[in-house]
Amino acid sequence: MPELPEVETFKQYFESTSLNKQIKNIKIKDTRILSIEENIFINTLRGKKFNSVTRHGKYLFVECNSFFLVMHFGMTGDLEYYRRGEEEPKYSKVLFEFTNNHILSYISTRMFGKLDITDDYKKYINKNRLGPDALTMSYEEFLMSLKRRTTNVKTALMNQRIICGIGNIYSDEILFRTQINPLTKINILQEYQLKELFTNIKEILKYGIRKKGNLATYSSKLIIPHRIEEENCPICHTPIKRYEILGRHGFFCPTCQKEN
DNA sequence: AGCGATGTTCGCCG
DNA sequence: TCGGCGAACATCGC
């Protein structure tokens with residue numbers, strides 16, 4: 001279930017379970033999840049320890065003896081740390097077995113995740129032309145990233161090359177909070193709207209992290225719990241509208257989020 | 001039993 | 001070369 005808040009939660013989980021333990025063995029249950037040749041992947045990591053985790057957008061970079069394990073979770077990724085002998089999690093794709101008899105499972109139900117190795121995560125970010133991390137970017141970086149873009153706000157927020165970390169669900173919430181219609185062209189936003197958008201990106205993502213990405217616990221004053229057709233806006237009670245964009249479904253309140 | 005899904009990438013077009 | 005757009009990808013649960 002990973003957008004930025006979920007991936008940040010995975011980072012914390014990884015840090016609290018899997019750092020500084022020797023990797024005894026690695027089992028690849030499905031090589032399609034690897035962006036790199038299987039033997040290289042295994043030989044790079046076996047016998048080493050994970051030292052630290054950096055997050056950029058929806059990506060995790062796990063430092064391991066001057067190399068980095070790159071983790072992306074797609075739409076249905078997860079991590080689970082468990083004791084040897086306990087049941088292997090369903091849809092495990094890669095198992096990192098530590099010498100302490102515990103195993104970290106990288107789970108990907110729908111195979112949309114990716115594991116890779118890079119020797120420099122900043123180079124990896126540049127090569128893939130990822131935008132600034134949505135949680136830590138400055139207002140200047142945010143503006144710079146939007147420069148010369150003409151697409152609509154919803155698409156811009158979800159484009160990882162513009163801003164890294166926001167997906168379909170959180171972009172709905174950010175636009176709802178900012179009271180911007182999702183189809184508004186990004187280049188016609190007023191300065192005050194850009195400022196509010198920037199502030200709300202941070203606030204919504206921080207809220208998500210505080211809630212550990214557990215959508216079921218989100219306040220009913222947000223639009224997230226109402227992303228269902230025929231639900232009413234929690235502010236003005238107008239029926240929420242569903243629309244299609246980029247082959248995905250977005251939701252907005254036609255009253256609170258008027259076109260500019 | 002068909003559809004939809006918290007994501008990314010590729011190919012086409014201007 | 002770049003940006004925008006739509007289709008494709010894999011697979012499971014509702």
Side-chain angles (χ1 to χ4, degrees), chain A residues 1-11 13 28-36 55-60 70-79 89-94 106-116 118 124-131 133-135 144-176 182-188 201 204-205 207-209 211-218 222-230 242-252:
Chain A
M1 15 150 112
E3 290 186 40
L4 191 150
E6 290 79 7
V7 177
E8 177 66 24
T9 305
F10 292 157
K11 171 182 189 265
Y13 183 77
I28 314 289
K29 320 254 330 170
D30 193 326
T31 54
R32 288 176 300 170
I33 216 73
L34 300 181
S35 301
I36 187 171
R55 185 193 52 70
H56 187 93
K58 305 171 193 169
Y59 293 80
L60 292 185
V70 184
M71 301 187 124
H72 193 282
F73 297 92
M75 289 213 273
T76 55
D78 205 354
L79 294 175
K90 237 181 162 187
Y91 311 114
S92 291
K93 293 296 182 286
V94 176
Y106 169 86
I107 299 161
S108 186
T109 315
R110 309 255 199 292
M111 292 296 299
F112 274 23
K114 275 287 167 213
L115 293 184
D116 202 352
T118 182
Y124 185 93
I125 289 168
N126 289 334
K127 200 176 117 207
N128 289 286
R129 292 194 282 163
L130 299 176
D133 176 64
L135 190 66
M144 192 69 81
S145 229
L146 296 181
K147 234 180 188 171
R148 273 175 261 106
R149 294 288 182 157
T150 57
T151 189
N152 61 70
V153 215
K154 171 77 170 171
T155 303
L157 287 180
M158 289 200 293
N159 184 340
Q160 304 303 299
R161 291 186 168 175
I162 300 179
I163 298 167
C164 207
I166 300 168
N168 195 21
I169 292 207
Y170 287 92
S171 58
D172 274 1
E173 194 62 60
I174 290 161
L175 293 173
F176 178 67
L183 297 179
T184 312
K185 298 288 181 191
I186 192 88
N187 51 305
I188 69 156
I201 288 172
I204 298 287
L205 293 176
Y207 176 87
I209 292 168
K211 292 282 191 176
K212 301 207 175 296
N214 185 356
L215 298 178
T217 67
Y218 284 23
L222 305 184
I223 199 173
I224 287 178
H226 306 287
R227 293 179 80 260
I228 302 161
E229 208 154 27
E230 309 203 347
R242 179 184 187 216
Y243 66 105
E244 192 168 314
I245 192 166
L246 278 175
R248 329 286 310 278
H249 291 295
F251 296 83
F252 74 106

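Chain A is the first sequence line, chain B the second, and so forth, proteins listed ahead of strands; every chain is numbered from 1.
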Would you mind reading off the distance between [X] atom [atom1] and [N] atom [atom2], rounded to a whole angstrom?
| X | N | atom1 | atom2 | answer |
| --- | --- | --- | --- | --- |
| A:Glu3 | B:dT6 | CD | P | 8 Å |
| A:Asp78 | C:dG13 | CG | P | 14 Å |
| A:Glu6 | B:dT6 | CD | C1' | 6 Å |
| A:Arg242 | B:dC3 | CZ | C1' | 10 Å |
| A:Ile209 | B:dT6 | CD1 | C1' | 15 Å |
| A:Phe10 | B:dG7 | CZ | P | 12 Å |
| A:Leu115 | B:dG7 | CG | P | 18 Å |
| A:Ile228 | B:dT6 | CD1 | P | 13 Å |

[Y] and [X], any side-chain heavy atoms less than 4.5 Å apart:
| X | Y | result |
| --- | --- | --- |
| A:Ile36 | A:Leu115 | no |
| A:Ile33 | A:Tyr106 | yes |
| A:Leu157 | A:Leu175 | yes |
| A:Met71 | A:Leu79 | yes |
| A:Leu135 | A:Ile209 | yes |
| A:Tyr91 | A:Thr76 | no |
| A:Lys154 | A:Ile186 | no |

* Find the runs of at least 3 consecutive base pairs, i with j, i+1 with j-1 and so on, that include DNA chain C, using Watson-Crick or G-U wobble geometry with both distances under 3.5 Å. =>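 Consecutive-pair runs (3 or more) involving DNA chain C: B:2-5 with C:11-14, B:7-14 with C:2-9.
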
* Pairwise P distance, B:dC3 and C:dA8 [rounded to whole Å] ->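 Per the computed distance, 15 Å lies between those P atoms.
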
* **Inter-nucleotide P distance (C:dA10, B:dA1), Å rounded** =>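 After rounding to an integer number of Å, I get 23 Å for this pair.
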
* Asked: Would you say the side chains of A:Thr155 and A:Asn152 form a donor-acceptor pair under 3.5 Å?
  ->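 Distance-only check passes for A:Thr155 and A:Asn152.
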
* Under 6.0 Å between ring centres, would you say that holds for A:Phe252 and A:Phe176? ->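 No, too far apart.
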
Does a side-chain N or O from [X] land closer than 4.0 Å to OP1 or OP2 of [N], or not?
| X | N | result |
| --- | --- | --- |
| A:His72 | B:dG7 | no |
| A:His249 | B:dG4 | no |
| A:Gln160 | B:dT8 | yes |
| A:Lys58 | B:dT6 | no |

* Would a distance-only check, ignoring hydrogens and angles, find a side-chain to backbone donor-acceptor pair under 3.5 Å from A:Asn128 to A:Tyr124? ->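 Answer holds: yes.
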
At 4.0 Å (heavy atoms only), tell me whether [X] reaches a base, stays on the sugar-phosphate, or touches nothing.
| X | answer |
| --- | --- |
| A:Gly167 | sugar-phosphate |
| A:Tyr170 | nothing |
| A:Lys114 | nothing |

* Do the ring planes of A:Tyr207 and A:Tyr218 sit parallel (below 30°), tilted (30 to 60°) or perpendicular (above 60°)? ->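 A:Tyr207 vs A:Tyr218 ring planes: perpendicular.
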
Below 3.5 Å is the cut-off: list the nitrogen or oxygen pairs between protein and nucleotides 9-14 of chain B, distance only.
none

* To do: Locate the shortest heavy-atom distance separating A:Phe251 from A:Ile223; write the atom from each residue and the value.
  =>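 Minimum heavy-atom contact is O-CD1, 3.9 Å.
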
* Structure fact -> Letter by letter from the 5' end, nucleotides 2-10 of chain C scores (B base, S sugar-phosphate only, - none; protein heavy atoms under 4.0 Å) -SSS---BB

